[in-house]
Novice: 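One structure follows; several queries about it will come next.
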Amino acid sequence: MAAPTDLAFDPWDPAFVADPYPAYAELRERGRVRYFEPTNQWLVAHHADVSALLRDRRLGRTYLHRFSHEEFGRTAPPPEHEPFHTLNDHGMLDLEPPDHTRIRRLVSKAFTPRTVERLRPYVRDLADDLVTALVEAGGGDLLKDVAEPLPVAVIAEMLGIPESDRAPLRPWSADICGMYELNPSEATAAKAVRASVEFSDYLRDLIAERRENPGDDLISGLIAAHDEDDDRLTEQEMISTCVLLLNAGHEATVNSTVNGWWALFRNPGQLAALRADHSLIPTAIEELMRYDTPLQLFERWVLDEIEIDGTVIPRGAEIAMLFGSANHDPAVFADPARLDLSRADNPHISFSAGIHYCIGAPLARIELAASMAALLERAPTLRLAEEPKRKPNFVIRGLEGLAVELG
């Protein structure tokens with residue numbers, strides 16, 4: 001078992017957060033699994049292992065469907081964190097079958113490919129409007145002016161949240177997502193609890209209003225959805241689903257947009273190729289999500305003992321699957337440190353895999369393509385105005401802002 005000091009992996013070191021990929025290469029060279037004492041987790045860094053474990057039913061996002069906290073050797077969360085855990089633990093991302101299967105099936109009835117495709121003109125028009133405003137201003141902050149408002153507005157439109165109610169959505173989401181970082185502080189937990197209460201209260205009222213006056217929106221669809229056994233979502237499951245769709249439905253898109261453009265500015269040859277050939281947009285989106293992965297780490301509980309390369313990992317342990325490392329594994333990606341917007345063979349796992357594969361991936365791709373196309377067409381001379389600062393977060397990887405100007 002390695003002491004943590006002999007690893008370059010240090011998720012609280014700003015230098016590591018700025019560029020974790022060399023440390024990942026070291027991790028991969030040292031073996032297939034490594035214990036990390038500061039978080040009491042087993043780190044898995046190879047693409048083949050991460051991909052297989054995402055599909056391995058001996059692991060789970062929760063253990064409470066099979067064990068109590070005590071039986072699993074874990075301590076229950078503090079009572080004061082209960083509002084966050086109630087909200088989080090009833091979303092399908094943190095559930096296992098049979099509840100996950102039932103909820104995902106019901107959500108899929110409302111979140112259909114046709115529903116997503118119907119949003120395409122709205123997404124394109126909104127992206128055009130946001131980029132036009134950026135161009136007319138001569139530049140601005142790509143994060144706050146384009147990357148954030150686009151997916152927040154899209155998922156709010158999809159859920160049927162009135163425009164006048166949308167201002168708190170992004171702050172609520174950011175505060176809740178703070179709990180997904182490694183070893184979050186009490187201050188972070190308090191903000192997440194407060195946001196969980198406020199967001200839940202808002203959605204409870206909105207769901208009650210939609211029960212009385214259903215509309216052509218996802219919340220109305222979730223209320224109406226039922227399966228062949230007439231199972232329906234409970235109110236808490238609906239609230240948790242809406243929050244999950246908002247959080248997951250824009251965090252990855254926001255960070256993929258700014259991480260992607262920051263990568264393009266650092267690789268001017270690739271940016272020039274993209275500007276010359278907009279047909280590269282689909283492969284560019286996949287490559288940018290691989291190159292600087294928006295979700296760096298995804299956790300799983302070990303429900304039944306597993307073995308990785310001779311190392312036995314017992315029931316009750318936690319595995320940290322390093323998506324960013326898997327997406328830079330040279331066993332899968334040729335020359336992984338090179339940005340190649342024409343990369344055709346690109347099995348990145350930025351949207352996860354297995355039963356928890358991102359249900360919103362098609363919508364995210366539509367949003368990313370719309371904003372990229374609008375920026376390429378309307379701001380062909382866009383350039384970096386100043387060096388951006390990384391957010392201090394490791395798990396959810398993004399920038400504090402991305403100042404741009406027109407050349």
Side-chain angles (χ1 to χ4, degrees), residues 60-107 110-111 155-156 159 161 165 168-211 218-219 222-223 225 231-251 295 298-301 303 316 318 355-356 358-360 395-396:
R61 283 290 293 171
T62 184
Y63 51 81
L64 294 175
H65 60 306
R66 287 182 52 185
F67 309 101
S68 67
H69 292 297
E70 294 75 17
E71 289 169 338
F72 205 63
R74 293 282 163 171
T75 303
E80 59 270 22
H81 295 179
E82 182 272 329
F84 166 79
H85 289 287
T86 294
L87 180 64
N88 185 71
D89 296 353
H90 285 81
M92 60 185 170
L93 183 60
D94 280 81
L95 289 170
E96 291 297 315
D99 283 333
H100 172 273
T101 308
R102 175 180 59 84
I103 293 175
R104 188 171 180 117
R105 184 171 62 242
L106 290 168
V107 171
F111 198 88
I155 198 66
L159 288 168
I161 297 175
D165 293 351
L169 297 180
R170 175 66 174 161
W172 280 337
S173 176
D175 287 348
I176 290 168
C177 288
M179 284 293 275
Y180 304 136
E181 293 299 320
L182 297 174
N183 299 354
S185 67
E186 273 307 310
T188 296
K191 289 169 69 175
V193 166
R194 183 171 60 249
S196 297
V197 170
E198 292 175 359
F199 205 168
S200 296
D201 287 347
Y202 171 76
L203 287 169
R204 194 171 288 109
D205 290 343
L206 186 60
I207 289 167
E209 195 276 328
R210 287 292 187 278
R211 287 190 193 278
L218 188 56
I219 288 178
L222 292 174
I223 293 168
D231 279 337
R232 298 175 186 270
L233 295 171
T234 66
E235 181 179 72
Q236 183 58 59
E237 288 168 350
M238 270 191 281
I239 291 170
S240 296
T241 295
C242 290
V243 171
L244 173 62
L245 290 172
L246 180 82
N247 291 352
H250 81 271
E251 280 291 343
L295 180 68
F298 203 57
E299 298 161 334
R300 284 284 202 279
W301 296 106
L303 305 176
E318 190 175 29
I355 67 168
H356 290 291
C358 178
I359 198 170
V395 175
I396 299 175

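Quick caveat, the model's predicted, so the values are computed rather than measured.
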Novice: Between L295 and Y180, is any pair of side-chain heavy atoms under 4.5 Å apart?
Specialist: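 Not in contact.
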Novice: Check the pair R204, Q236 against side chain to side chain contact (heavy atoms under 4.5 Å, CB included), reporting the backbone distance first and the verdict last.
Specialist: CA-CA 9 Å; R204 194 171 288 109; Q236 183 58 59; 4.2 Å; yes
Novice: Can you classify the ring geometry of W172 versus Y202 as parallel (below 30°), tilted (30 to 60°) or perpendicular (above 60°)?
Specialist: tilted
Novice: Check R210 against I223 and note the closest heavy-atom contact, atom names and distance.
Specialist: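 For R210 versus I223, the nearest heavy atoms are CB-CD1, 3.7 Å.
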Novice: Under a 4.0 Å threshold between the charged nitrogen and the carboxylate oxygen, would R170 count as salt-bridged to E251?
Specialist: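 Yes, this pair counts.
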Novice: What distance separates L203 CG from I239 CD1, expressed to the nearest 0.5 Å?
Specialist: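 Separation between the atoms: 6.5 Å.
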Novice: Between I176 and L87, what is the shortest heavy-atom contact and its length?
Specialist: CD1-CD2, 3.9 Å
Novice: Counting C-beta onward and ignoring hydrogens, is there a side-chain heavy-atom pair between L206 and M238 closer than 4.5 Å?
Specialist: no
Novice: Which atoms form the tightest heavy-atom contact between D175 and K191, and what is the distance?
Specialist: OD1-CE, 3.3 Å
Novice: Between T241 (side chain only) and E237 (backbone N and O only), is there a donor and an acceptor less than 3.5 Å apart?
Specialist: yes
Novice: Taking side chain as C-beta onward, heavy atoms only, is T62 less than 4.5 Å from D94?
Specialist: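 Side-chain contact under 4.5 Å: no.
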Novice: I'd like to check L303 versus H65 (side-chain heavy atoms, cut-off strictly below 4.5 Å). Are they in contact?
Specialist: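 The answer is yes, as the side chains (C-beta and beyond) meet within the 4.5 Å cut-off.
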Novice: For the residue pair H100 and H356, categorise the inter-ring angle as parallel (less than 30°), tilted (30 to 60°) or perpendicular (more than 60°).
Specialist: perpendicular
Novice: Within this structure, what is the CD-OH distance for the pair E71 and Y63, rounded to the nearest 0.5 Å?
Specialist: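 Going from CD on E71 over to OH on Y63, the span is 11.0 Å.
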Novice: May I ask you to say whether R211 pairs ionically with E235, meaning some side-chain N is under 4.0 Å from a carboxylate O?
Specialist: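 Here R211 does not pair with E235 in a salt bridge, since their nearest N and O are not under 4.0 Å apart.
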Novice: Restricting to non-hydrogen atoms, name the atom on H81 and the atom on V193 that form the minimum distance, rounded to 0.1 Å.
Specialist: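 Minimum heavy-atom contact is CA-CG2, 3.7 Å.
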Novice: How long is the gap from CG on D201 to OG on S196, to the nearest 0.5 Å?
Specialist: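 Those atoms lie 10.5 Å apart.
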Novice: For the residue pair R61 and F298, would you count it as a cation-pi contact if the rule is NZ or CZ under 6.0 angstrom from the ring centre and within 45 degrees of the ring axis?
Specialist: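 Output yes; distance and angle both within limits.
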Novice: In Å, rounded to the nearest 0.5 Å, how long is the span from CD of E181 to CD1 of I396?
Specialist: 5.5 Å
Novice: Specify the closest pair of heavy atoms between I359 and M92, including all atoms of both residues, with the distance to one decimal.
Specialist: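 So the two residues come closest at CG2-CE, 3.9 Å.
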Novice: Can you confirm whether L106 sits close enough to L222 that some side-chain heavy atom of one is under 4.5 Å from a side-chain heavy atom of the other?
Specialist: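 SC-SC contact between L106 and L222 ruled out.
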Novice: For the CD atom of E209 and the CG atom of D205, what is their distance to the nearest 0.5 Å?
Specialist: 10.0 Å
Novice: Ignoring hydrogens, what is the shortest heavy-atom contact between S240 and H90? Give both atom names and the distance.
Specialist: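 Looks like OG-CB, 3.3 Å.
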Novice: If you round to the nearest 0.5 Å, how far is CG of D89 from CD of E82?
Specialist: 9.5 Å
